[in-house]
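If you read the sequence from its start, that first residue is 1, and numbering goes on from there.
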Amino acid sequence: SPVTALAVGHHFLIVHEGKVVLDHVFGNAKSQTPSSDAKGGQDADKSGSDTKDSGASKDSDAKKDASATEDEPAPTKGALKAQTKLLTLDSVALQFKDGVLWIMLDATVALGPVALTLLGFGIGLPLGDVKLKPTIDNLGTLIDHMQFQIHGLGVSFEKPPLMIAGVFEHEIMRQLVGKPPVEQTIDAYRGGIGISFPPYTFVAVGQYAKATFSDGNEYKSLFVFAKLDGPLITLEFG
C-alpha cells in the first residue's frame, strides 16, 4: 500500500534543537476521496424505486451523524524535553476544536523535596471567533478571551526515607460504539497514591466513571485497589 509522506492540510510544526517534535495538521479531518462504490451507489439510486431512495437517504444521514463524531479532531502530542532549575517540560500538544486552538503542556514544578506535576494544562485561543476578527497582526486581542483547562494534578514529596506521591485526573472521552453506531460519553475520575517508609510500602488506585449514550442509556462503574507490603508481626525468641 502507498505510504503517505505528507498529510493533506495545513501543518503547524514545533522544532526543538533541530528536530521536529510535533506536526499538527489542520483541515484534513473532513477531507474525503470519492470512491467507485459511491458512484455505483448513485447509479443504483437513479434506477431504484422511491423506497430505495428513502432508505439510501436514511443511510446517508446516519453516516453523516457518525462522521460528525468520528471527524472530531484529536490532539497531536509530541515529546518536548526542556528543563530549568524549577520547571521541567515533558510534552506539548495541539488541538483545534470548536473554534479554539488549545496548546496543552505536561510540566513539573519542583520546589525542594516537593514536586507538582500539571497534566494536560491547556491554554485556549479562540481563533475561530469571527467577532474578534483575529489576524496575525492583532493576536494580542485574544489575550482577554483566553481559556484555560487542566486534566489532572500530581504531587510528590521525597525526603528519604519517606516518599509520598499522588495523582488525580479527570477525563471526558467520546466515541462511537455498537451497530448501528451510538455515541458514548465517558466521564471518568481516577487517582492514585503511593507511600513508602521502609520496610513498608502502600499503594492505592481507583476510578469512578459514568458512561452515557445518545439513546438515553447509561451506566456507572467504580473500582478501588490497594496493597500494603511490609511485616505486620515480628516474633522474637531468646
Side-chain angles (χ1 to χ4, degrees), residues 12 14 21-26 28-30 65-82 87-110 114-129 145-157 164-195 202-227:
F12 183 92
I14 295 180
V21 297
L22 185 144
D23 180 11
H24 184 77
V25 184
F26 295 89
N28 68 333
K30 295 183 179 180
D65 293 339
S67 63
T69 302
E70 291 175 344
D71 292 343
E72 180 177 302
T76 303
K77 191 173 185 178
L80 177 60
K81 297 293 183 180
L87 179 66
T88 301
L89 183 63
D90 296 317
S91 65
V92 60
L94 288 180
Q95 182 182 28
F96 189 75
K97 181 180 178 181
D98 299 330
V100 179
L101 176 63
W102 287 100
I103 304 173
M104 293 170 282
L105 305 171
D106 286 344
T108 301
V109 179
V114 180
L116 180 67
T117 302
L118 304 179
L119 303 177
F121 172 72
I123 302 174
L125 302 176
L127 299 180
D129 193 339
H145 302 274
M146 285 194 306
Q147 304 175 29
F148 299 92
Q149 69 175 11
I150 184 170
H151 292 168
L153 185 67
V155 181
S156 64
F157 174 84
I164 303 174
V167 64
F168 176 80
E169 184 180 20
H170 176 219
E171 185 177 16
I172 298 177
M173 299 172 289
R174 293 183 177 88
Q175 59 185 353
L176 292 178
V177 296
K179 292 183 179 181
V182 177
E183 183 178 358
Q184 178 191 53
T185 302
I186 301 178
D187 192 357
Y189 297 84
R190 61 179 69 97
I193 187 172
I195 303 174
F202 173 78
V203 294
V205 294
Q207 173 179 284
Y208 168 79
K210 179 180 180 181
T212 57
F213 300 85
S214 56
D215 59 3
N217 295 322
E218 67 176 37
Y219 70 86
K220 300 177 182 179
S221 66
L222 172 69
F223 84 86
V224 177
F225 172 82
K227 180 181 179 181

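I172 places a side-chain heavy atom less than 4.5 Å from the side chain of T185. Using a 4.5 Å heavy-atom threshold, the side chains of I186 and K210 count as separate. Contact check for D187 versus H170: side-chain heavy atoms found under the 4.5 Å cut-off. Counting heavy atoms from C-beta outward, W102 and I123 have side chains that stay 4.5 Å or more apart. Residues M146 and L125 form a side-chain contact, since some pair of their non-hydrogen atoms from C-beta on lies under 4.5 Å apart. Inter-residue side-chain proximity for Y189 and E171 is flagged as unmet; no heavy-atom pair is nearer than 4.5 Å.
When all heavy atoms are compared, the tightest approach of T108 to A115 is CG2-CB, 4.1 Å. For the residue pair M104 and G120, the shortest heavy atom distance occurs at CG-O, 4.5 Å. Across V182 and S214, no two heavy atoms sit closer than the pair CG1-OG, 3.1 Å. Closest heavy-atom contact between K77 and D106: NZ-OD2, 2.9 Å. Across all non-hydrogen atoms, the minimal contact from A107 to L87 is CB-CD1, 3.9 Å. Between I150 and L119, the closest heavy-atom pair is CG1-O, 3.7 Å.
Rounding to the nearest 0.5 angstrom, the gap separating the NZ atom in K227 from the CZ atom in F202 is 12.0 Å. Rounding to the nearest 0.5 Å gives a distance of 4.5 Å between OG1 of T76 and NE2 of H24. Taking CG from L105 and CG from L118, the interatomic distance works out to 9.0 Å, rounded to the nearest 0.5 Å. Rounding to the nearest 0.5 Å gives a distance of 11.0 Å between CG of D215 and CD of E218. Atom CG in L101 sits 7.0 Å away from atom CZ in F96 (nearest 0.5 Å). Note that CZ of R190 is 8.5 Å distant from CZ of F223, once rounded to the nearest 0.5 Å.
Classification of the Y219-F213 ring pair by plane angle, with boundaries at 30° and 60°, yields tilted.
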Test side chain to side chain contact (heavy atoms under 4.5 Å, CB included) applied to Q184 and T212, step by step: CA-CA 6 Å; Q184 178 191 53; T212 57; over 6 Å; no
L153 vs L116, side chain to side chain contact (heavy atoms under 4.5 Å, CB included): CA-CA, chis, key distance, verdict: CA-CA 7 Å; L153 185 67; L116 180 67; 3.3 Å; yes
